[in-house]
Amino acid sequence: MLVLVCPVKQSRFGTLKKVSGRLKQIWLGRDERSLGETPVRRLLVVDDEESICFSMSEYFSLQGYKVDTASELEEAEKLLDATNYRVVIQDLRLTMTSSQDGLDMIKLIRAHNPQTRIVVLTAYGSAEVEDEARRCGADAFLRKPKPLSQVAQVVQGLIESPPRQAARPA
């Protein structure tokens, strides 16, 4: 994990401050266009738990991603209409009653951009649900809780591997 340490003016709080994610970009006066020659990797996190969206946003921002978050299907749909994401990490259950939202989300992502890699991260997993998610187009299926470093390994592996071929009608 990379932590940026920025020297600041001497104060009663000391001479160094740790800065992460978006705050680092503001602190250094940079935006994603000025981070270098490498294109910005876009990532969308969709989860109804605000703490998960926040922690993933901070973690993946430090890894060089431009991260957007959504807590419901409609919000995610608007983001997908406006942006081409390299990876989507999504919960399967966006409401308390059904995992159908998550399956609909996978289908929606596949309709918007078949090249987007989809990671399902859920506490409500079973072999049957995992099979259904994969049939809908999920590339990976992880069960919560999962350390962010392991989620990042899966994301990086998906980015580095070729997308799976869509099923062709017979």
Side-chain angles (χ1 to χ4, degrees), residues 1-8 16-94 101-122 133 136-164 166:
M1 180 175 184
L2 174 68
V3 175
L4 177 67
V5 178
C6 298
V8 294
L16 301 176
K17 290 193 183 269
K18 291 182 182 177
V19 183
S20 65
R22 293 182 189 137
L23 184 56
K24 175 183 75 174
Q25 291 174 346
I26 293 167
W27 190 288
L28 295 176
R30 297 179 183 163
D31 62 20
E32 67 269 9
R33 291 178 301 260
S34 64
L35 290 176
E37 298 79 40
T38 56
V40 175
R41 299 177 295 175
R42 301 294 305 241
L43 185 132
L44 175 62
V45 177
V46 184
D47 199 300
D48 61 338
E49 292 183 53
E50 190 175 319
S51 62
I52 289 175
C53 287
F54 176 79
S55 60
M56 285 203 176
S57 177
E58 285 296 301
Y59 183 85
F60 282 100
S61 291
L62 284 172
Q63 305 302 315
Y65 291 86
K66 170 72 173 126
V67 182
D68 293 322
T69 62
S71 59
E72 57 188 32
L73 185 61
E74 294 78 21
E75 184 181 7
E77 188 170 4
K78 288 177 185 174
L79 288 168
L80 286 164
D81 282 339
T83 307
N84 197 10
Y85 292 98
R86 189 83 185 266
V87 177
V88 175
I89 301 172
Q90 68 159 83
D91 195 356
L92 202 56
R93 191 175 282 187
L94 299 175
D101 278 352
L103 297 175
D104 290 343
M105 181 76 193
I106 295 168
K107 294 172 190 173
L108 180 71
I109 295 164
R110 285 286 163 247
H112 278 82
N113 184 355
Q115 300 301 314
T116 297
R117 308 313 294 270
I118 303 170
V119 178
V120 173
L121 181 62
T122 186
C136 290
D139 294 294
F141 193 94
L142 305 174
R143 288 178 176 80
K144 291 178 185 174
K146 187 69 73 181
L148 287 173
S149 60
Q150 289 180 12
V151 176
Q153 286 177 336
V154 170
V155 167
Q156 189 61 38
L158 288 172
I159 287 174
E160 293 173 357
S161 67
R164 67 185 192 160

Quiz prompt | R86 side, atom CZ; Q115 side, atom CD - distance, nearest 0.5 Å | solution = 10.0 Å
For residues 70-82, which side-chain donor-acceptor pairs fall under 3.5 Å, sequence neighbours excluded?
| from | atom 1 | to | atom 2 | distance (Å) |
| --- | --- | --- | --- | --- |
| S71 | OG | E75 | OE1 | 3.3 |
| E75 | OE1 | S71 | N | 2.9 |
| D81 | OD1 | H112 | NE2 | 2.4 |

Quiz item: Heavy atoms, side chains only, cut-off 4.5 Å: are L44 and T69 in contact?
Solution: no
Quiz item: Just how far is it from atom CG of L92 to atom CG of D104, taken to the nearest 0.5 Å?
Solution: 10.0 Å
Quiz item: Does the N113 side chain pair with the main chain of N84, one donor and one acceptor, at a distance under 3.5 Å?
Solution: no
Exercise. Under the side chain to side chain contact (heavy atoms under 4.5 Å, CB included) rule, what do V46 and M105 come out as? Steps first, then yes or no, please.
Key: CA-CA 9 Å; V46 184; M105 181 76 193; 3.7 Å; yes
Exercise. Can you tell me which residue pairs pass the salt bridge (charged side-chain N to carboxylate O under 4.0 Å, His left out) test with a partner in residues 140-149, sequence neighbours excluded?
Key: D47-K144, E49-K144, D91-K144, E130-R143
Self-check item: Rounded distance (nearest 0.5 Å) linking atom SG of C53 with atom CD of E58
Solution: 12.5 Å
Self-check item: Distance, nearest 0.5 Å, that separates CD1 of I52 from CD of E50
Solution: 11.5 Å
Exercise. Drop me the distance from R42's CZ to K66's NZ, to the nearest 0.5 angstrom.
Key: 5.5 Å
Quiz item: Considering residues at least two apart in sequence or located in another chain, which fulfil the ring-ring contact (aromatic ring centres under 6.0 Å, His included) criterion with F60?
Solution: Y65
Quiz item: Roughly how far, to the nearest 0.5 Å, is CG of L108 from SG of C136?
Solution: 12.0 Å
Quiz item: Any side-chain heavy atom of V87 sitting closer than 4.5 Å to one from I159?
Solution: yes
Quiz item: Can you tell if the side chain of V88 reaches within under 4.5 Å of the side chain of L43, non-hydrogen atoms only?
Solution: no
Self-check item: Heavy-atom pair of closest approach, residues V154 and A140
Solution: CG1-CB, 3.7 Å
Quiz prompt | Any D101 side-chain heavy atom under 4.5 Å of L103 side chain | solution = no
Quiz item: With side chains defined as the heavy atoms from C-beta onward, is the minimum distance between D68 and Y85 less than 4.5 Å?
Solution: yes
Exercise. Could you tell me which non-hydrogen atom of A138 sits nearest to which non-hydrogen atom of V120, and how far apart they are?
Key: CB-CG2, 3.8 Å
Quiz item: Heavy-atom distance under 4.5 Å between the side chains of V119 and V155, does that happen here?
Solution: yes
Practice problem: Output yes when a side-chain donor or acceptor of Q90 lies under 3.5 Å from a complementary backbone atom of G102, and no otherwise. | Solution: yes
Practice problem: Quick one: list whatever passes side-chain contact (heavy atoms from CB on, under 4.5 Å) with P147, sequence neighbours left out. | Solution: S149, Q150
Quiz item: Any donor and acceptor pair, going by atom type alone, linking the side chain of R117 with main-chain N or O of S161 inside 3.5 Å?
Solution: yes
Quiz item: Looking at side-chain heavy atoms only, is the closest gap between F141 and T122 below 4.5 Å?
Solution: yes
